[in-house]
*Asks:* 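Dropping a structure here in structure tokens format, bear with me for questions.
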Number of protein chains: 2
Amino acid sequence: MNPEIKKDRISYDDFAKVEMRAGVILAVEPIPKSEKLLKLTVDFAEADVTGTRTPRTILSGIAKYFPDSSVLVGKKCMFVTNLEPRPMMGLESNGMILALSTDDGAFSLLEPNAAIPVGTKAK
Amino acid sequence: MNPEIKKDRISYDDFAKVEMRAGVILAVEPIPKSEKLLKLTVDFAEADVTGTRTPRTILSGIAKYFPDSSVLVGKKCMFVTNLEPRPMMGLESNGMILALSTDDGAFSLLEPNAAIPVGTKAK
């Protein structure tokens, strides 16, 4: 049975504060001097002020699950997209990848099916 | 480009309040007098006080996407699991299925891969 201590209950409004969207990983780079982190370039179909489609940089501590990180390129998966920007290793991370992992090494990203457009929000 | 208005920024602690776990749908029933709702019986590997494995009832407004709702039985997908219980149609819903949908009818559940045990939390 699940030994985890239950979290406090939350309201629907607490949940609704969290924006989670489908993004496509366009590029992956290792971070020098970090064994854990990968630098992901992720498209959410967002535009900058000039209307140019502009991906985000998202740093993620998932390197150990992807010895060949190139397999991540092209994957559509879920991210938290409204976290405060976070400085890490001299870069700024603008989101967080959503994943499931267990103590004994199982790991999964959350990949919506192919029909879901980039930028779609979970609800 | 994505026309949605950005949500307010949140802290990591705001995100961490939300518990999202993988559950397996054990049974699905239509709700009498509701065209939208399905009654899902979902296992999260939780036990009651006697140690008996006890699934939850979760009501979900996804009926229109599943004309044959039996295809949901056996699916492992993601749920918000620490919302306040919510009375609906004379039943009590103890969670919310996580899904992505678009105005033009695309729909996807979020299904982790097979190696992820029931009850595992997203983080």
Side-chain angles (χ1 to χ4, degrees), chain A residues 1-4 6-22 43-48 51-54 76-78 80-86 94 96-123, chain B residues 1-4 6-22 43-48 51-54 76-78 80-86 94 96-123:
Chain A
M1 297 299 159
N2 200 304
E4 296 186 49
K6 281 189 200 309
K7 288 203 180 184
D8 291 337
R9 297 278 190 175
I10 59 170
S11 68
Y12 180 80
D13 287 348
D14 290 327
F15 164 72
K17 284 179 196 164
V18 181
E19 184 186 81
M20 292 179 283
R21 289 203 267 157
D43 178 35
F44 294 99
E46 294 174 305
D48 68 11
T52 305
R53 192 156 172 156
T54 307
K76 187 190 292 174
C77 54
M78 296 301 298
V80 183
T81 51
N82 68 333
L83 290 167
E84 297 286 354
R86 184 172 171 193
N94 277 283
M96 194 183 87
I97 202 164
L98 265 185
L100 287 83
S101 58
T102 65
D103 289 345
D104 57 0
F107 179 85
S108 180
L109 298 172
L110 292 172
E111 300 180 61
N113 67 35
I116 294 294
V118 168
T120 303
K121 287 160 61 168
K123 53 194 177 187
Chain B
M1 296 301 157
N2 200 304
E4 295 186 51
K6 281 191 202 309
K7 288 204 179 183
D8 292 338
R9 296 278 190 173
I10 59 170
S11 68
Y12 180 81
D13 287 347
D14 291 327
F15 163 73
K17 284 180 197 163
V18 181
E19 184 186 80
M20 292 179 283
R21 288 202 269 157
D43 177 36
F44 295 100
E46 294 175 306
D48 68 12
T52 306
R53 192 156 172 155
T54 305
K76 187 190 292 174
C77 54
M78 296 302 298
V80 183
T81 51
N82 68 332
L83 290 167
E84 297 287 353
R86 186 174 170 190
N94 277 282
M96 194 184 87
I97 202 165
L98 264 185
L100 288 83
S101 59
T102 64
D103 290 343
D104 57 2
F107 180 84
S108 179
L109 298 172
L110 291 172
E111 299 178 62
N113 67 35
I116 294 295
V118 168
T120 303
K121 288 159 60 169
K123 54 194 175 186

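Values in this document were obtained by computation on a predicted structure and should not be read as measured data.
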*Asks:* To the closest 0.5 Å, what do you measure between CE (M96(A)) and OH (Y12(B))?
*Replies:* 5.5 Å
*Asks:* Would you call L100(A) and M78(B) a side-chain contact if the rule is heavy atoms closer than 4.5 Å?
*Replies:* yes
*Asks:* Specify which of V80(B), I97(B), L110(B), D14(B) makes the most heavy-atom pairs with chain A at under 4.5 Å.
*Replies:* L110(B)
*Asks:* When rounded to the nearest 0.5 angstrom, what distance separates NZ in K123(B) from CG in L98(A)?
*Replies:* 12.5 Å
*Asks:* Could you tell me which residues satisfy side-chain hydrogen bond (donor to acceptor under 3.5 Å, both in side chains) with D13(B), sequence neighbours excluded, listed by chain and number?
*Replies:* none
*Asks:* Treating R9(A) as the side-chain partner and L83(B) as the backbone partner, does any N or O pair qualify as donor plus acceptor under 3.5 Å?
*Replies:* yes
*Asks:* Counting heavy-atom pairs under 4.5 Å with chain B, which one of A115(A), A22(A), P112(A) comes out on top?
*Replies:* P112(A)
*Asks:* Cut-off 3.5 Å, no hydrogens considered: what does the side-chain donor-acceptor table look like for residues 102-109 of chain B, sequence neighbours left out?
*Replies:*
{"residue": "T102(B)", "atom": "OG1", "partner": "D104(B)", "partner atom": "OD1", "Å": "2.6"}
{"residue": "T102(B)", "atom": "OG1", "partner": "A106(B)", "partner atom": "N", "Å": "3.0"}
{"residue": "S108(B)", "atom": "OG", "partner": "N113(A)", "partner atom": "N", "Å": "2.9"}

*Asks:* Which heavy atom of D8(A) sits nearest a heavy atom of N82(B), and at what distance?
*Replies:* O-ND2, 2.8 Å
*Asks:* What option among P117(A), S101(A), C77(A), A114(A) has the most heavy-atom pairs under 4.5 Å with chain B?
*Replies:* S101(A)
*Asks:* Distance from K17(B) atom NZ to K17(A) atom NZ, nearest 0.5 Å?
*Replies:* 5.0 Å
